[in-house]
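Lettering follows sequence order; numbering is per chain, from 1. Below, each value reflects all heavy atoms present in this structure, side chains not excepted, and no hydrogens, waters or symmetry copies. What you see is a predicted model, and the numbers here were worked out from it, not measured in a lab.
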There are 2 protein chains.
Amino acid sequence: MTDPTLSPLTRLTQNGALLRQDISDRACVIETTIDTLLPPTTGGDARLLEAMRYATLGGGKRLRGYLAVTTAGLFDIPQAQAARVAAAVEMLHAYSLVHDDLPAMDDDDMRRGQPSTHRKFDEATAILAGDALQTKAFEILAASATHASADVRIDLISAFAEASGAAGMVGGQMIDMDGEGRALPLEEVRHLHALKTGCLIRYSAEAGAILGQASPDLRQRLRSYGTRIGAAFQIADDILDTTATAEELGKTAGKDEASGKSTFVALLGIDGARAEAARLTEEAIADLAPFGARADRLRDLACYVIERRN
Amino acid sequence: MTDPTLSPLTRLTQNGALLRQDISDRACVIETTIDTLLPPTTGGDARLLEAMRYATLGGGKRLRGYLAVTTAGLFDIPQAQAARVAAAVEMLHAYSLVHDDLPAMDDDDMRRGQPSTHRKFDEATAILAGDALQTKAFEILAASATHASADVRIDLISAFAEASGAAGMVGGQMIDMDGEGRALPLEEVRHLHALKTGCLIRYSAEAGAILGQASPDLRQRLRSYGTRIGAAFQIADDILDTTATAEELGKTAGKDEASGKSTFVALLGIDGARAEAARLTEEAIADLAPFGARADRLRDLACYVIERRN
């Protein structure tokens, strides 16, 4: 087990290569799983499937999916089984990006260095592809192919709906839209991000515990870990938006500031934001104590989310 | 039991008052259930909840919900239990209308005689309210408050996802958008409506059988009944769009023709469309044979969908 008190940078200097390899390996499995779950068609729905695949495949580190597969591994759940849950989470994430990018929302033309879905296709197709991706995510969690009991699948679905609906991701996006152009206080910014991006990241970490039918304590530990790295992730995102170039990000840089969004950097300053992210990372690592050395990659990941460049 | 070979009009002359009362009673219970499941809030998500409630509450005959509650009654499922499933179906239907009405889709300013959701609020809110309504529908089906076993709930969710996703309702809407402005052959129009409106109506009729853990034969009978009245419903809609006034419809009349959509009336003529709807109604009534007199209201409903004025 790697010393859990190491600084994030030292930790990544030691274990960064292992983590990157693990993320890359898992992303490959998740990508293949999504590809299998969204087969292209030649019928009347060909264009819809093409847009769903465009929005979901071919990109990203799959951090949410990585969390689901890796936390499931703590409970000896086979990767192929957890990869289906990871695929569902990634599809839900993809649907939220497709809708967020729409002209009536954040109006983004680029995503992962490519035209966003409504630019590649058209707005109607993007709306419908997002809708169908959400449906597909629930369908996958309900399917017996997860090899989980009906009770476990219901648990997966209930927590998923809570994390992604009006009291979770979509609710956060609504607060974000409402708050655009006016200064939000720090607590409101925290709350908005806890909903908008935090809930789904927390769910991804919790999903392994649900699949593994973990004790309430271990499940709560992974929820807490997920909540904390979710918050750290968002702060790191705000820092990146200020410091990175568009090329590094694969999307427009400096956009938050230009659109008058309240960011952690604006509220805490760069140094204050970095300190808060580092504190969250430490606490997230502490959450993993009961799992011992098996959770080393998850500890590395907590460091990685605040040190990444894109 | 009312003679199943009666003509639709004769049947409604005899039983219409009973059916209308039953629809009205059930709609009241379903409305109350939705109201309870979507409580207004005062927090940051107040606007989102308000839009979700606006899109879902206060209107309509709740025919999909009526089907779910009434078919469940054939298997002695308590109304309160089935009403939750009905509420989920109505929320899914409402989300599809909210997204269909968007400028990038059908661009409709009116719905049920009121401003459509994006006109009452704004586009971003309408997109998010639709998204969250879909999530909520799945959440309700997963909840233990349906008093169904986890296996039954998984069955409800799987069939629901199939009916509403890329291979169902959303797939149909995509074909509809693609086909706008060009003449589609009859078989393609049938297929598009079987997906766009048919799948959810079929699911509504099937939901009672799922809740009631019906035999495969009885479940198939209700699926078939639902498929047929769904098709008849759409043909009747096309006829109404040609013959009724905007005041009767509560939405713009003659819109299909103006937008160049291929309709059953355009393809079959008014008389041909009426004959096909009547044939489907007869077949739907025949599907109900094993249920005897208990299914009389469902027989009346099959007649009602082709004789309604709005």
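Heavy-atom pairs under 4.5 Å with chain A were tallied for B:His99, B:Lys136, B:His191; the largest tally goes to B:His99. No other option in B:Ile175, B:Val170, B:Asp131 has as many heavy-atom pairs under 4.5 Å with chain A as B:Asp131. Comparing A:Leu128, A:Ile157, A:Asp45 by heavy-atom pairs within less than 4.5 Å of chain B, the highest count is held by A:Leu128.
Ring-plane geometry between A:Tyr54 and A:Phe121 is classed as perpendicular, the angle between the planes exceeding 60 degrees on a 0 to 90 degree scale with a lower cut at 30. Ring orientation note: the planes of A:Tyr203 and A:Phe160 are tilted relative to one another, at an angle of 30° to 60°.
For A:Leu102, the part sitting under 4.5 Å from any heavy atom of chain B is the side chain, from C-beta outward, and nothing else. For A:Asp178, the part lying under 4.5 angstrom from a heavy atom of chain B is the side chain only. With a threshold of 4.5 angstrom between heavy atoms, B:Met52 approaches chain A through side-chain atoms but not through N, CA, C or O. Looking at B:Leu49, the atoms closer than 4.5 Å to chain A (heavy atoms on both sides) all sit in the side chain, from C-beta outward. Proximity to chain B involves both the backbone and the side chain of A:Met174, based on heavy atoms less than 4.5 angstrom apart.
Electrostatic pairing of A:Arg53 and A:Asp35 counts as a salt bridge here, judged by a charged N lying under 4.0 Å from a carboxylate O. For the pair A:Arg219 and A:Asp155, the salt-bridge criterion is met [side-chain N within less than 4.0 Å of a carboxylate O].
More than 12 heavy atoms of other residues, nucleotides or ligands shown are found within 6.0 angstrom of CZ on A:Arg190.
Among all heavy-atom pairs drawn from A:Ala132 and A:Leu48, the shortest one is CB-CD2, 4.5 Å.
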